[in-house]
Amino acid sequence: MRAPRRVDAVVVGGLALATAGLWYEDYRAVEVEAVAALALRLATVLPLIWLRTRPWPVLLAVAGAQVGCGVVERGDTISQGPLFVAVAVYGVACYTSAPRSLRALPVGAIAVVASLLLSDLDGGGSGPPDPVVVLVLPAVVLCVVGVAWLLGSGRRRIVSDARQLRRLAAQLRTEREISERRAVRAERARIAADLHDIVAHHVSAIAVQANATAELLADGDESPDGSHARVGRIAVTADAALVEMRRMLGLLADPWDRSAAPDEPSLAHLDRLGRVAEAAGCQLRVNVEPAVTAAPGSLQICAYRIVQEALTNVVKHAGGTTVDVDLRCEAGGLVVTVENGPPAPRHRLVGGSGMGIVGMRERVAVFGGSLRTGRRDDGGWRVAATLPIGTDNGSRLD
Amino acid sequence: MDPGSTDQHKPRASGRPTVRVVVADDQEMVRSGLRLMIDRRPGMRVVAEAADGEAAVAAAQDQHPDVVLMDVRMPGVDGVEATRRILRQWTSHLPKPRVIILTTFDLDEYVYAALRAGASGFLLKNCTPGQLIDAISVVAAGEAMLAPSVTQRLVHAFARIAPAPTPATAPDQAGLDTLTARELDVLRLVATGLSNAQIADRLGVTEANVKSRVNRILTRLGLDNRVQAAIVAYSHGLLPLP
């Protein structure tokens, strides 16, 4: 159970002093009756220190003390008890759960009405109490106590909702992290699959050449240095490599996962991507510098995938707008730029997961490149990736 | 090797004309290697090379080869499309060339698509020279592509999946319905990779009988070769998939 806070004690302490002060105003004497009145008045306020932690006992204590006040006090003095009872009802509504907290209403109302009636009967007034007072008084008290309950209950709901929202936000953050990690893993698998294809192609070519050369050498005399056998071994090794690569294929991106039309990620097929974007209403401009086709195959595939993802995002987020695709070679790097204008006027935004960008970053990072994305001044969007050309042994293939 | 000779039909020792081959592959190393192996054989010659699908189609229409070795994945017009164009848009009176697909991977949906488009079979690029030459000879002579078990693996793998949309080349159920029960039996046996001689044994008829039945079936279903027959049989459930 939570301990009462210091601030509660201070506030209640202040109220107690005020109560004592007002008591003195009323009584101005120290008699048995007055002391009893003081004690009971204090008994209506002091329990509030524990309101946060034990609301029900506090309500009962305050209500009981209030009835006691009614018994002891004269009718012409007004104590602050009813107020404190209302505060206690507020406390019960705020710190305990709803349907049961409603029971505080009758408890509080009856206590206050009883105390007021008792003090009235006891002291001053001669004759039967005013019938109007008897009818109106409970109604008024019930309203006041009812308001206190509503305030308490409302606050309880607000606090609970806020807590719920905080919990959900934290959950969302965690799930987003998991999603990102999953997207990264998926993209890496896709990159691996693309690279695997390229490697396998090269190894196939090695195998063909080795087979052909071995045959040619076999025509001539058996060479003393065994070069024929050596070339033969190249072919055998290439064979073995391909067997393993075919095995690897099953482990990489699930081939059955692709849509009905498998896409060959070659820059020669950029027009297919363009057609999809144009079908969605985009006005497309594509510029591919001739030098780009001489870049290493894996970089070209990376560029293709970047354009593919960027165009998908354009169609999703901006609809049919102007799109500029540009591929060029600059200062030892292949630069891919996809820019689009502001979203089409009646385009309804399809919510994106943001995982596409995560994938793009991962792919670019694998090649040691850099990716910049950002908003344009005219409200459009710009994606620019730079992929450095230049392998460790400084050579370029085919 | 004959440098730039114009004699297109150099007779072999056995008297049969030379098998003329077009090689299509985007990698120069592959083209030169294949040319080396083919030109070494008397009775075979590479008459043209192509680096992409469009050049392959042009070379086929120019040279009227007997066999086209087609790399399945090429930039621009790929091997599948080129195969389709050569076989479906053949305008000359000379017989259509047979297309053998070259591929790095056997379980490749592109290869399957090429077979559905009418290719006579496929070869892995790292096959031995012997296998390469055998395949070319067999296919040029009009016989079924060798290694049906390898082809079957491919068909098994892809007949499970919804076929690529090529309505022009896919015979529908109605076509199958026009076959007699006997013909369906023959189709099933063809699909399991048996040769005509073996089917004749199984059914107790002559080989010539089987050959004509098979041709009738192929014609009626609009198919080019036995490989396509196997694909049809599996994808229409005539044979259970393993």
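Below, chains carry the letters A, B, ... as their sequence lines are ordered, and counting in each starts from 1. Every value quoted in this text rests on a predicted model; they were computed, and no experiment measured them.
- A donor-acceptor pair is defined here as one N or O able to donate and one able to accept, closer than 3.5 Å; no such pair exists between the side chain of B/D71 and the backbone of B/G79.
- Looking at A/A205, the atoms closer than 4.5 Å to chain B (heavy atoms on both sides) sit in the backbone and in the side chain alike.
- The candidate with the highest count of non-hydrogen atom pairs below 4.5 Å against chain B, out of A/A207, A/A212, A/A214, is A/A212.
- A distance of 11.0 Å separates CG in B/D26 from CG in B/D78, rounded to the nearest 0.5 Å.
- Counting heavy-atom pairs closer than 4.5 Å to chain B, the top-ranked of the candidates A/Q209, A/E215, A/H201 is A/E215.
- Electrostatic pairing of A/R305 and A/E309 does not count as a salt bridge here, judged by no charged N lying under 4.0 Å from a carboxylate O.
- B/I136 pairs in a side-chain contact (heavy atoms from CB on, under 4.5 Å) with only one of the listed residues (B/D66, B/L123, B/L34, B/V67), which is B/V67.
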